[in-house]
2 protein chains.
Amino acid sequence: MLYTPNLQSPSHLPVYIALYEAIKRDIVGGKLRPSDRLPSIRALAKNLSISTTPVETAYQQLIAEGFMESRPRRGFYITQLPDSYGKLTLNDTPSSSLNFIPPEDAAPVYSYDFHMSKNDFISFPLRTWRRLLNHTLLEEYEELLYYGDPLGEAGLRKELAAYLYRFRGVVCRPEQIVIGAEQHLLMNYLAITMKDLSPGVAVENPCYPLIPFAFQAQGYELFPVTEADKGILISRLRDTPARIVAVSPSHQFPGGRVMPFHERLELLEWAKENHAYIIEDDYGGEFRYYGQPIPALQGIDLSANVIYVGGFSQILAPDLCIHYMVLPEALLEPFHKIRRRLMFELSSSRIYQRALQRFMEQGHFEKHVRRMRNLYRKKNRKLADTLEAQFQGVGEVINAEAGLHLLLKIRTPASEQEMVDAVRPNGIRVAAATPFYSDGKPHSEEKKFIIGFGGIDLEKIEEGVSRLRELWNPYV
Amino acid sequence: MLYTPNLQSPSHLPVYIALYEAIKRDIVGGKLRPSDRLPSIRALAKNLSISTTPVETAYQQLIAEGFMESRPRRGFYITQLPDSYGKLTLNDTPSSSLNFIPPEDAAPVYSYDFHMSKNDFISFPLRTWRRLLNHTLLEEYEELLYYGDPLGEAGLRKELAAYLYRFRGVVCRPEQIVIGAEQHLLMNYLAITMKDLSPGVAVENPCYPLIPFAFQAQGYELFPVTEADKGILISRLRDTPARIVAVSPSHQFPGGRVMPFHERLELLEWAKENHAYIIEDDYGGEFRYYGQPIPALQGIDLSANVIYVGGFSQILAPDLCIHYMVLPEALLEPFHKIRRRLMFELSSSRIYQRALQRFMEQGHFEKHVRRMRNLYRKKNRKLADTLEAQFQGVGEVINAEAGLHLLLKIRTPASEQEMVDAVRPNGIRVAAATPFYSDGKPHSEEKKFIIGFGGIDLEKIEEGVSRLRELWNPYV
DNA sequence: ATGGATTTGTCCGTATGTATG
DNA sequence: TCATACATACGGACAAATCCA
């Protein structure tokens with residue numbers, strides 16, 4: 001018998017959206033199972049007495065978000081959900097001077113740009129965003145032009161709390177969320193707030209150094225407690241006087257390692273035993289492509305003190321300038337004392353915040369997250385497969401299961417920088433990884449490269465990798 | 001055949017009203033029956049040789065009154081006639097002004113809000129701003145969604161440099177300007193940059209403590225070097241080990257004192273002699289209402305090291321989240337070292353920055369500055385005059401020549417807070433000034449209040465002051 | 001097995017209410 | 001007021017896949 005989605009609401013909603021929702025419900029609810037075939041566009045349209053267009057549009061939407069796939073001229077089929085529904089989105093930008101590419105530098109336009117922090121803005125929902133922005137500007141500008149809550153708009157924080165729970169397993173009240181324009185800004189306030197709690201901060205090595213450096217600038221000593229691409233050694237952690245540890249369990253930088261669950265538990269145990277604090281940078285948290293989604297540290301054990309840090313730069317656009325941290329209850333009072341004294345002021349546009357709130361309320365955000373994850377998953381797979389094939393025997397791809405870049409390991413006496421420079425004139429951009437290792441041995445035979453796939457077209461990946469392989473032929 | 005309403009009267013009536021009447025007639029008369037479909041807007045417009053707008057307006061009118069309904073993207077259909085037909089027409093809608101009830105959440109509305117940092121957004125150039133924003137969003141979003149120069153958009157910095165020179169006498173290259181979302185953010189980076197230059201910061205007392213606190217949080221000691229509402233004593237400055245002094249010469253907070261020219265020269269002399277640095281917070285610099293404009297310290301003597309600090313919150317709107325500092329040449333290298341290490345990232349929306357750049361390029365900004373200065377001048381004069389008159393003999397207005405607030409001095413044994421609280425229930429908001437004096441003597445007979453005029457309507461000032469005077473009668 | 005008919009995903013031109021400039 | 005762009009819906013053309021006499 002023909003499957004027919006249950007379009008309950010006659011509703012003012014556009015038909016294709018109602019359809020999309022109904023089918024999604026049936027997929028998530030299990031009524032439609034992997035590899036089930038959906039009715040053909042025409043059949044369903046006829047059944048529902050509508051034209052084919054809304055059906056087609058709804059199907060396309062579901063395909064973009066990874067719920068189903070099209071087999072041309074054969075039908076539409078439900079996909080295997082690679083991870084449980086609704087558990088992943090994107091995280092915060094690998095922010096920083098690393099990200100900005102000055103105009104002169106961008107001049108020799110890269111034909112194959114494997115920069116690690118380029119995002120794919122082809123799918124940026126510009127029209128929706130513009131509509132919401134204009135609507136906000138017209139309807140609420142009088143109110144929103146004034147100063148607002150320095151912690152961020154209450155409405156946005158509420159949406160954010162709900163989202164973080166659903167997608168990242170973060171458990172918090174909106175009151176625990178602090179919104180700010182930039183990660184350093186938030187981390188600086190945090191460092192000031194925690195000054196009496198610890199003389200230093202335990203950090204990963206290598207790591208993305210923004211958080212460590214923010215704390216160092218406030219006078220904290222840094223204690224590296226990991227070996228390259230290995231897990232945290234709790235014993236080594238115990239040897240330091242640090243009562244704060246900063247980690248990025250979703251996607252360790254730059255290796256891409258995902259902290260396994262048991263290690264998370266150990267870390268939380270350490271924190272509880274020592275009344276210590278964990279700063280969880282959820283960089284790459286939303287972009288996990290394979291395997292079970294691992295919930296954020298923050299939500300695993302609420303009796304441990306975890307500060308969860310994230311933002312919208314990577315998942316939506318850096319232009320929003322909206323980042324956030326989730327404070328544990330224990331830090332709320334101290335933080336508010338500090339922020340009042342330092343006259344902490346709002347730093348993210350209220351109009352943007354309100355538009356983003358609407359964007360989330362209306363479900364655009366979750367759709368976008370799924371769409372982007374799906375897109376990046378494809379790119380990630382293509383890149384990993386192509387690299388494996390092309391560099392068989394001489395190189396190795398490691399930890400390509402999350403984030404917007406992967407690591408390519410090559411044994412060669414040549415220097416990383418030399419090899420990076422060699423391909424640049426040919427329009428290929430890749431980056432050396434060793435500079436991020438504080439004990440980096442640049443003379444080791446084992447060289448590592450950061451290959452990003454966010455900004456490059458899916459179709460250009462194979463070609464780009466082939467060119468890279470050719471150009472590196474002399475070195476391997 | 002296409003239904004066409006009978007527009008008999010060539011008439012003086014607006015087309016859309018004639019149309020509305022004609023269609024209504026046909027509905028009431030039974031020519032159009034329930035669930036009949038009306039011609040599409042374009043079809044009817046073409047048929048009548050008019051534009052679509054009147055047709056649409058007429059349709060909307062009829063929808064609002066329940067005669068027909070819109071089925072999005074399908075057409076307009078006649079509804080069942082509301083049974084109350086004949087009781088409701090467009091024209092006997094009750095006058096809204098009598099029945100209008102303000103929304104609940106506007107509850108703690110102040111009838112007379114003398115808050116010091118409220119701005120007047122009545123003259124905010126919303127249409128222009130929206131146009132520029134939309135234009136930027138449409139034309140340049142691809143470029144601007146991505147990370148940009150952490151120092152701020154080059155184009156905006158260029159415009160800003162030109163503006164600062166013309167309006168404030170600040171002499172700088174665009175490369176000396178750093179743009180950020182929030183003052184604390186910039187001041188924190190500055191404090192880190194200058195850490196080796198001075199063990200402490202000389203500050204005014206009283207002052208707006210944002211900058212001092214930002215430095216204190218970085219471990220600097222604070223040395224107050226002024227007496228209430230007096231000038232800086234260079235001798236006292238010399239007694240401190242501080243090689244940095246933070247001042248707000250345009251409008252000393254909260255007293256409103258403007259630093260006279262000779263004092264500026266002395267201060268610059270001190271800085272040169274001691275290779276010291278002056279942080280010039282030009283808070284309120286644009287709002288000087290009487291006398292010769294005094295140029296910013298920064299431009300008076302380029303051989304002294306002055307960091308000029310400003311922003312767009314007051315002059316345009318806090319929502320922009322765009323602040324800036326102008327670094328002296330000597331600090332450029334050290335600053336860039338720090339910002340690279342700390343991974344200083346852009347924190348103000350590029351789209352906003354670009355829109356603001358256009359706003360300045362097209363001359364809107366200077367017009368706006370002049371318009372606002374003019375408006376605030378009127379308010380300032382009215383407030384000062386009224387206060388002088390009403391509080392004759394018991395109070396005194398001081399330094400009402402700049403900024404968005406003035407100071408009212410009253411001799412009374414009552415506490416400032418008590419008096420502030422006494423008027424609040426009556427819808428009047430003023431603030432106590434003593435909390436800003438680090439050596440504040442709350443028990444002195446001389447009480448000071450901060451009376452802002454930015455957010456209150458010009459017409460309500462007299463009334464508000466009168467109410468204030470009455471309510472404070474018991475205290476003076 | 002086969003060739004024509006049917007089904008199917010895809011693509012496109014058009015219509016129409018709505019938003020924006 | 002007018003013109004344009006956008007979101008949504010309709011219906012048909014096309015070619016590949018599938019089905020059937």
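Values below: all heavy atoms of this structure, side chains included; hydrogens, waters and symmetry mates excluded.
- One finds a side-chain N or O of A/S51 lying less than 4.0 angstrom from the OP1 or OP2 phosphate oxygen of D/dC10.
- Atom-to-atom, CZ of A/R127 to C1' of C/dT20 comes out at 13 Å; the value is rounded to the nearest Å.
- A distance of 14.0 Å separates CZ in A/F453 from NZ in A/K378, rounded to the nearest 0.5 Å.
- Rounded to whole Å, the distance from OH on A/Y16 to P on C/dT16 is 20 Å.
- Atom NE2 in A/H135 sits roughly 13 Å away from atom C1' in C/dT20 (whole-Å rounding).
- Closest approach to the A/P54 side chain among D/dT8, C/dT20, D/dC10 is made by D/dC10 (side chain taken as heavy atoms from C-beta onward).
- The residue B/F76 sits close only to the backbone: its heavy atoms come under 4.0 Å of sugar-phosphate atoms, none of a base.
- Per the geometry, CG belonging to B/L137 stands 15 Å off C1' belonging to D/dA5, to the nearest Å.
- Applying side-chain contact (heavy atoms from CB on, under 4.5 Å) to B/Q357 and the options B/L156, B/T136, B/L160 leaves one that passes, B/L156.
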Using a cut-off of under 3.5 Å, enumerate the N/O to N/O pairs linking the protein to nucleotides 12-17 of chain D.
{"from": "D/dA13", "atom 1": "N6", "to": "A/R42", "atom 2": "NH1", "distance (Å)": "3.3"}

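- Between A/F312 and A/F365, the distance separating the two ring centers is shorter than 6.0 angstrom.
- Between A/Q60 and C/dT10 there is a side-chain polar atom (N or O) within less than 4.0 angstrom of OP1 or OP2.
- Rounded to a whole Å, the NZ atom of A/K46 is 15 Å from the C1' atom of C/dT8.
- Across all strands shown, A/R37 has heavy atoms under 4.0 Å from sugar-phosphate atoms exclusively, and none from any base.
- Within the 4.0 Å cut-off from OP1 or OP2 of C/dA19, not a single side-chain nitrogen or oxygen of A/N134 is found.
- In this structure, A/R130 and B/L138 have side chains that are in contact, with non-hydrogen atoms separated by less than 4.5 Å.
- B/S40 has a side-chain polar atom (N or O) that falls below the 4.0 Å cut-off from OP1 or OP2 of C/dT16.
- Atom CG of A/L126 is separated from atom P of D/dA7 by 9 Å (rounded to the nearest Å).
- Closest contact between the side chain of A/R131 and the listed nucleotides D/dC10, C/dT20, C/dT18 involves C/dT20.
- Protein atom CG of B/L133 is 14 Å distant from nucleotide atom C1' of C/dG21, rounded to whole Å.
- The local environment of NZ in A/K158 is sparse, with at most 12 non-hydrogen atoms from other residues, nucleotides or ligands closer than 6.0 Å.
- A donor-acceptor contact shorter than 3.5 Å is absent between the side chain of A/K367 and the backbone of A/E65.
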*Go through the steps for A/D26 and A/Y3 under the test side-chain hydrogen bond (donor to acceptor under 3.5 Å, both in side chains), then give the verdict.*
CA-CA 10 Å; A/D26 286 341; A/Y3 159 75; 2.6 Å; yes
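- Nearest to the side-chain atoms of A/I41 among the listed nucleotides D/dC6, C/dT18, C/dT10 stands C/dT10.
- Residue order along DNA chain C, read from the 5' end via each residue's closest nucleotide, puts A/R71 first among A/R71 and A/T53.
- We find that CG of A/L38 is positioned 9 Å from P of C/dG9, with the value rounded to whole Å.
- A cation-pi geometry, defined here as NZ or CZ lying under 6.0 Å from the six-membered ring centre and within 45° of its normal, holds between A/R71 and A/Y77.
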